[in-house]
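What follows is a short report on a single structure.
We count ligands from 1, going down the list as the structure has it; atoms in each ligand are counted the same way.
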Amino acid sequence: MKVLFLNGPNLNLLGQREPEVYGRETLADIEAKVRKRASDLKVTVDFQQSNLEGELVNWTQGAKGKFDVIVLNAAAYTHTSIALRDAIVAVGIPTIEIHLSNIHAREKFRRKSIIAPVCCGQISGFGPKSYLLALEASVDVNVSKKAD
Ligand code: DQA
């Protein structure tokens, strides 16, 4: 089973960016934790970050036929990107939306996710653990996909 982790804009700055909101772990720290747990679960992961909306769209499109599940922290594009939403629908790969912070407990503009209706679920507010919870959920999502 293969899971593609996609990370959107400014997540390359984790660790130094608003640590009171996003914590002190870097994206590389989180990736290392994800890879360790993935190896226990016998899941292959790819982990990408981009500040560019089009690059995230390209990676989503490129996942077709290669990945079973996408875990997406679209960062600010969560709240704005119709292009990313359309790409998720176009590829038809089960996608789990994640956030480090609880977007529903923050500013009003963050409470709306454009991608949520086309994702199979949302994990929001558990810091780096959101990534590990999504990895666990990916396994369940893949099992129920095969049972269909
Ligand atoms: C975020 C929440 C978004 O609202 C924000 O734009 C981010 C990070 C999170 O992981 O909590 O960049 O996706």
May I ask whether E107 has any heavy atom positioned less than 4.0 angstrom from an atom of ligand 1?
-> no

Partner of F5 under side-chain contact (heavy atoms from CB on, under 4.5 Å), picked from L135, L27, I70, D46, is L135

Tell me which protein heavy atom sits closest to atom 11 (O) of ligand 1, plus the residue, atom name and distance to 0.1 Å.
-> S101 OG, 2.6 Å

Any N or O of A76 that comes nearer than 3.5 Å to an N or O of ligand 1?
-> yes

Might you point out which heavy atoms bring Q49 and L11 nearest each other, and give the distance in Å?
-> NE2-N, 4.1 Å

Qualifying residue for side-chain contact (heavy atoms from CB on, under 4.5 Å) with V43, from D68, N142, V139 | V139

Nearest non-hydrogen protein atom to atom 1 (C) of ligand 1, with distance, is H99 ND1, 3.7 Å

Work out whether the distance between some heavy atom of N73 and some atom of ligand 1 is less than 4.0 Å.
-> yes

Can you list the ligand 1 atoms lying under 4.0 Å from a non-hydrogen atom of H79?
-> 3 (C), 4 (O)

With a cut-off of 6.0 Å (strictly less than), are more than 12 heavy atoms of other residues, nucleotides or ligands near CZ of R106?
-> yes

Please determine, by modelled atom types, if Q122 and H104 share a side-chain donor-acceptor pair under 3.5 angstrom.
-> yes

Can you pull out the closest protein heavy atom to atom 5 (C) of ligand 1? Residue, atom name and distance to 0.1 Å, please.
-> R110 NH1, 3.3 Å

State, yes or no, whether a side-chain contact exists between N73 and Y131 at a heavy-atom distance under 4.5 Å.
-> yes

Atom 12 (O) of ligand 1: nearest protein contact (heavy atom, Å) = R17 NH2, 2.9 Å

Looking at L100, which atoms of ligand 1 are within less than 4.0 Å of one of its heavy atoms?
-> 9 (C), 10 (O), 11 (O)

Approximate separation, where rounding is to 0.5 Å, of L84 CG and T78 OG1 | 8.0 Å

